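What follows is a short report on a single structure.
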Amino acid sequence: MKKVILLVLMVGLLALTGMAAKTIGFAVSTLANPFFVTMKEGGEAKAAELGLGFVVLDAQDSPEKQFSQVQDLIIRKVDVLIINPVDSDAIVPAVLEANAAGIPVITVTRPSNGGVVAQHLDIDNKEAGMLAAVAMANALNGKGRVAILEGIPGAPSATDRQQGFVNELKKYPDIQVVTSLTANYSREQGATVAEDILQGNPVLNGIYGHNDEMALGAVRAAIAAGRLSELKIVGIDATDDALAAIKAGEMVATVQQQPALQMAMAVVAAQRIINGATVEPKVIIPLKLITIEELE
């Protein structure tokens, strides 16, 4: 009985002195995408290492649901909010509510277009698109017809990955982009859109997906159409499925953006904020082009 009373007193003392375990809330756009599952796992591992609580809520790509989930995390009084926005505009009211509640906000992979954010962690998406274009040009020997599967319309990552790819291809006048259609970063939509593209383009040499999920959807459509051997498919993210596809000869390249590292760095930044330290307002995670040569 004395031990129980002592434990209760210790817990109460820790809470009064501000030494109770701190908690990070992670509002993620979707866990249907393996990229964000890896991000979640990286955050959980780093939080456990640092002795921090880590609560994850999945918005399932719904801006409305994400707003409600952020409100829930605010009510729970998490110490820091890490948000991977479904939509950079739609998330602004949620960020403003966190600001009003005095809860610091960190964003990852997609920014918030308003409110106060202590730190944003991302890649250089234009560079990612550029690296994908270099891989495509090398695979095609500088000549061919290419289609693009675009991410979520209006998302900064999709805009930059498109611009980086298209601008780099200007160096290769014999490579033509014949169509560019949205597939919303989804494997299922990537397969459906790629099927339509293949039907409308009897001659096609390459498909670039703004992420690996869409690129893998294109692989599925190409296999179903019996045209995989004539296509060079490139994506971004370096998910496990994409790396397996490269090893199998189904994709030629992907761009690694290290989601686990990105989230681990966000958790470290959250701890620094909790401890009263300052953090850099923007952190860029290094990129790497992955081809079969890197995997052998």
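As the structure is a computational prediction, the values presented were derived from the model and not from experiment.
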Once you round to the nearest 0.5 Å, how far does [atom1] of [X] lie from [atom2] of [Y]?
{"X": "Glu294", "Y": "Gln256", "atom1": "CD", "atom2": "CD", "result": "10.0 Å"}
{"X": "Ile273", "Y": "Lys22", "atom1": "CD1", "atom2": "NZ", "result": "13.5 Å"}
{"X": "Asn205", "Y": "Ile175", "atom1": "CG", "atom2": "CD1", "result": "9.0 Å"}
{"X": "Arg110", "Y": "His120", "atom1": "CZ", "atom2": "NE2", "result": "10.5 Å"}
{"X": "Asp160", "Y": "Gln163", "atom1": "CG", "atom2": "CD", "result": "6.5 Å"}
{"X": "Arg227", "Y": "Gln199", "atom1": "CZ", "atom2": "CD", "result": "9.5 Å"}

Establish, from distance only, whether the side-chain atoms of [X] and [Y] form a donor-acceptor pair under 3.5 Å.
{"X": "Thr23", "Y": "Asp79", "answer": "no"}
{"X": "Ser88", "Y": "Asn113", "answer": "no"}
{"X": "Asn125", "Y": "Arg161", "answer": "yes"}
{"X": "Gln119", "Y": "Glu280", "answer": "no"}
{"X": "Asp122", "Y": "Thr109", "answer": "no"}

Can you tell me if Lys40 has over 12 outside heavy atoms packed within less than 6.0 Å of its NZ?
yes
Asp240 CG: over 12 foreign heavy atoms closer than 6.0 Å
no
May I ask you to decide whether Lys65 forms a salt bridge with Asp58, counting only side-chain N to carboxylate O separations under 4.0 Å?
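Between Asp58 and Lys65 there is no salt bridge, as every charged N stays at least 4.0 Å from the carboxylate O atoms.
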Do the side chains of Arg220 and Glu188 get close enough for a salt bridge, i.e. N-O under 4.0 angstrom?
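Judged by the 4.0 Å cut-off on N to carboxylate O distance, Arg220 and Glu188 do form a salt bridge.
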Nearest non-hydrogen partners of [X] and [Y], listed with the distance:
{"X": "Tyr208", "Y": "Ala132", "result": "CE1-CB, 3.5 Å"}
{"X": "His210", "Y": "Ala158", "result": "CE1-O, 3.2 Å"}
{"X": "Ala269", "Y": "Val279", "result": "O-CG1, 3.7 Å"}
{"X": "Ala21", "Y": "Gly51", "result": "CB-O, 4.4 Å"}
{"X": "Leu31", "Y": "Phe36", "result": "CD2-O, 3.7 Å"}
{"X": "Ala238", "Y": "Thr254", "result": "N-OG1, 3.0 Å"}

For [X], run the side-chain contact (heavy atoms from CB on, under 4.5 Å) check against [options] and tell me which one passes.
{"X": "Ile106", "options": "Leu121, Val117, Leu81", "value": "Leu121"}
{"X": "Val78", "options": "Val70, Ile103, Asp72", "value": "Ile103"}
{"X": "Met265", "options": "Val268, Leu261, Val267", "value": "Leu261"}
{"X": "Asn138", "options": "Leu140, Val134, Asn141", "value": "Val134"}

Test side chain to side chain donor-acceptor pair (under 3.5 Å) on Glu41 and Thr38 and set out the steps.
CA-CA 5 Å; Glu41 291 170 348; Thr38 300; 4.8 Å; no
Would you sort out whether Val108 and Ile83 count as a side chain to side chain contact (heavy atoms under 4.5 Å, CB included), showing the intermediate values?
CA-CA 6 Å; Val108 291; Ile83 304 175; over 6 Å; no
Does [X] reach the main-chain N or O of [Y] with its side chain, forming a donor-acceptor pair under 3.5 Å?
{"X": "Arg145", "Y": "Val203", "answer": "yes"}
{"X": "Asp237", "Y": "Phe35", "answer": "no"}
{"X": "Asn184", "Y": "Ser186", "answer": "no"}
{"X": "Gln189", "Y": "Gly217", "answer": "no"}
{"X": "Asp212", "Y": "Ala215", "answer": "no"}
{"X": "Asn99", "Y": "Val116", "answer": "yes"}
{"X": "Asp124", "Y": "Lys126", "answer": "yes"}
{"X": "Asp87", "Y": "Pro63", "answer": "no"}
{"X": "Arg272", "Y": "Thr278", "answer": "yes"}

Lys46/Met263 under side chain to side chain contact (heavy atoms under 4.5 Å, CB included): CA gap, chis, key distance, verdict:
CA-CA 8 Å; Lys46 180 55 70 172; Met263 195 63 188; over 6 Å; no
Test side chain to side chain contact (heavy atoms under 4.5 Å, CB included) on Phe26 and Leu73 and set out the steps.
CA-CA 9 Å; Phe26 180 37; Leu73 292 168; over 6 Å; no
Check whether any side-chain heavy atom of [X] sits under 4.5 Å from a side-chain heavy atom of [Y], and report yes or no.
{"X": "Ile148", "Y": "Gln162", "result": "yes"}
{"X": "Leu131", "Y": "Leu287", "result": "yes"}
{"X": "Val255", "Y": "Lys288", "result": "no"}
{"X": "Pro111", "Y": "Pro156", "result": "yes"}

If hydrophobic clusters are built from ILVMFWY residues whose side chains come within less than 4.5 Å, do [X] and [Y] share one?
{"X": "Leu50", "Y": "Val55", "answer": "no"}
{"X": "Val234", "Y": "Val177", "answer": "yes"}
{"X": "Phe54", "Y": "Val105", "answer": "no"}
{"X": "Phe67", "Y": "Val92", "answer": "no"}
{"X": "Met39", "Y": "Val86", "answer": "no"}

Between Ser180 and Glu150, is a side chain to side chain donor-acceptor pair (under 3.5 Å) present by the stated rule, with each step listed?
CA-CA 7 Å; Ser180 185; Glu150 300 178 24; 2.4 Å; yes
Who else is in the cluster with Ile233 when I, L, V, M, F, W and Y are joined by side-chain contacts under 4.5 Å?
Leu149, Ile152, Val178, Leu181, Tyr185, Val193, Ile197, Leu198, Leu204, Ile207, Met214, Leu216, Val219, Ile223, Leu228, Leu231, Leu243, Ile246, Met251, Ile290, Ile292, Leu295
Using the side chain to side chain contact (heavy atoms under 4.5 Å, CB included) rule, take Thr192 and Arg187 through it: C-alpha gap first, then chi angles, then the decisive distance, then the call.
CA-CA 9 Å; Thr192 300; Arg187 190 180 305 198; over 6 Å; no
